[in-house]
There are 2 protein chains.
Amino acid sequence: MRWNELDQADCPIARALSILGERWTFMILRDCFFGVHRFEAFQANLGISRTILRDRLAHLVQAGILVQRPYQERPIRYDYVLSAKGKALNGVMLMLGEWGQTAVDGQPETQVRHRHQTCGHVLTPYVACAECGEEVVAKDVRAVRAG
Amino acid sequence: MRWNELDQADCPIARALSILGERWTFMILRDCFFGVHRFEAFQANLGISRTILRDRLAHLVQAGILVQRPYQERPIRYDYVLSAKGKALNGVMLMLGEWGQTAVDGQPETQVRHRHQTCGHVLTPYVACAECGEEVVAKDVRAVRAG
DNA sequence: TATAGTCAGTTTATAAACTAAACTCACTTA
DNA sequence: TAAGTGAGTTTAGTTTATAAACTGACTATA
């Protein structure tokens with residue numbers, strides 16, 4: 001399998017990564033969740049090269065994860081905002097942040113936290129099963145690979 | 001910020017991506033969760049170049065996400081297995097797969113599913129708040145960025 | 001009205017990362 | 001003895017990423 005054939009893979013993780021798995025893409029999306037939505041702001045925040053930023057934004061727009069919303073004409077300029085498909089990545093982002101927080105050590109104490117508005121607490125996210133509502137831990141999950 | 005300075009970032013997502021954000025790394029870990037743990041098996045499964053596979057495995061071992069376990073001596077050969085830190089990525093993997101399943105369309109119906117052993121159902125994972133136990137949706141989360 | 005500044009790019013040259021294919025080494029099995 | 005296996009390493013070539021300067025269509029300031 002070559003990297004650019006990942007989108008045809010028979011695995012949802014592989015297909016997700018065909019869109020998200022390139023360098024910087026997750027970082028751009030993280031910024032989107034933080035409310036960043038302009039080219040210059042992404043560039044200044046990430047220090048990413050403009051060429052790559054242009055490519056990644058185009059890819060995300062074409063994949064339907066970001067939507068371009070014009071905020072001025074002459075010259076036409078766009079905000080890049082999360083679509084529904086993009087917002088659906090919220091769970092992935094939260095779990096990724098939680099893992100980074102607890103598992104990646106030796107780093108300065110982070111200053112980024114999330115607050116759960118509905119209950120008012122600082123958010124500690126976990127993955128639960130929609131059927132039984134219980135927390136899902138690795139040892140209780142069995143992959144079923146048909147075909 | 002350059003890509004290789006990401007590990008010093010003041011954001012848990014950035015730090016997570018300093019380890020996981022390179023091409024193929026997530027795919028290798030996916031295979032680990034499916035029970036793959038030998039060099040040749042990763043290589044055959046992913047079709048990744050051996051050079052990159054070697055680099056990624058070394059990086060994951062050095063980051064404490066995979067552990068080398070010798071299964072023979074003369075010549076010494078290792079299984080690469082998930083450490084506790086690696087297993088803690090389970091939630092990220094599940095949410096990534098769930099997103100790939102529901103949000104990335106136009107692809108052949110996937111044949112990979114998960115079963116939740118404790119309740120017996122096919123798993124539909126969601127992210128919940130440890131304080132109130134409710135499902136966490138994007139609009140109810142506010143990032144708090146100190147400093 | 002000139003001058004500078006902003007925003008979202010594009011261009012170009014250079015550096016780093018990835019890939020395929022062949023090769024090595026220490027064994028095992030037929 | 002010859003072939004095979006498993007985990008790499010080497011090499012040469014291709015693809016990506018990067019920094020820095022440039023463009024174009026404006027807007028704000030002196």
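Across the protein-nucleic acid pair, A/E5 atom CD and C/dT19 atom C1' stand 13 Å apart, rounded to whole Å. For the pair B/L46 CG and C/dT19 P, the interatomic distance rounds to 11 Å; values are reported in whole Å. Straight-line distance from the CZ atom of A/R54 to the C1' atom of C/dC7: 15 Å, rounded to whole Å. A straight line from CZ of B/F39 to C1' of C/dC25 spans 14 Å, rounded to a whole angstrom. Rounding to whole angstrom units, CD1 of residue B/I52 and C1' of C/dA20 are separated by 12 Å. Here the P atom of nucleotide C/dT10 and the CG atom of A/L53 are 11 Å apart, to the nearest Å. The CZ atom of A/R2 sits 9 Å away from the C1' atom of C/dA20 (whole-angstrom rounding). Taking atom CD of A/E22 as the reference point, atom P of C/dA17 lies 16 Å away to the nearest angstrom.
Although no hydrogens or angles enter the test, the distance criterion places a donor-acceptor pair under 3.5 Å between the side chain of B/H37 and the main chain of B/G35. Put simply, the side chain of A/R77 never gets that close to the backbone of A/R74: no donor and acceptor are under 3.5 Å apart. The backbone N or O of B/A130 lies less than 3.5 Å from no partner atom in the side chain of A/T124, so there is not a single donor-acceptor pair. When atom types are taken as modelled, the side chain of B/W99 and the backbone of A/K85 share a donor-acceptor pair closer than 3.5 angstrom.
For a distance-only test at 3.5 Å, the side chain of A/R50 qualifies as a donor-acceptor partner of the base of C/dG9.
Of the two residues contacting DNA chain D, namely A/N4 and B/A41, the nearest-nucleotide position lying further toward the 5' end is that of B/A41.
In this model, the phosphate group of C/dA20 is not approached by any side-chain N or O of A/W3 to a distance below 4.0 Å at OP1 or OP2.
Partner of A/V81 under the side chain to side chain contact (heavy atoms under 4.5 Å, CB included) criterion, chosen from A/K87, A/R69, A/Q68: A/R69.
Using a 4.5 Å cut-off on side-chain heavy atoms (C-beta onward), A/R30 and A/L46 make contact.
Along DNA chain D, the stretch of nucleotides lying under 4.0 Å from any heavy atom of chain B spans, 5' to 3', D/dG6 to D/dA19.
With no hydrogens or angles considered, a side-chain donor-acceptor pair links A/H59 and A/E22 at under 3.5 Å.
Using a 4.0 Å cut-off between a side-chain N of Lys or Arg and a carboxylate O of Asp or Glu, B/E40 and B/R50 qualify as a salt bridge.
Proximity of residues 66-83 of chain A to DNA chain D (heavy atom under 4.0 angstrom from any strand atom) is restricted to A/R74, A/P75, A/R77.
Relative to the ring axis of A/Y78, A/R38 does not place its NZ or CZ within 45° and under 6.0 Å from the centre.
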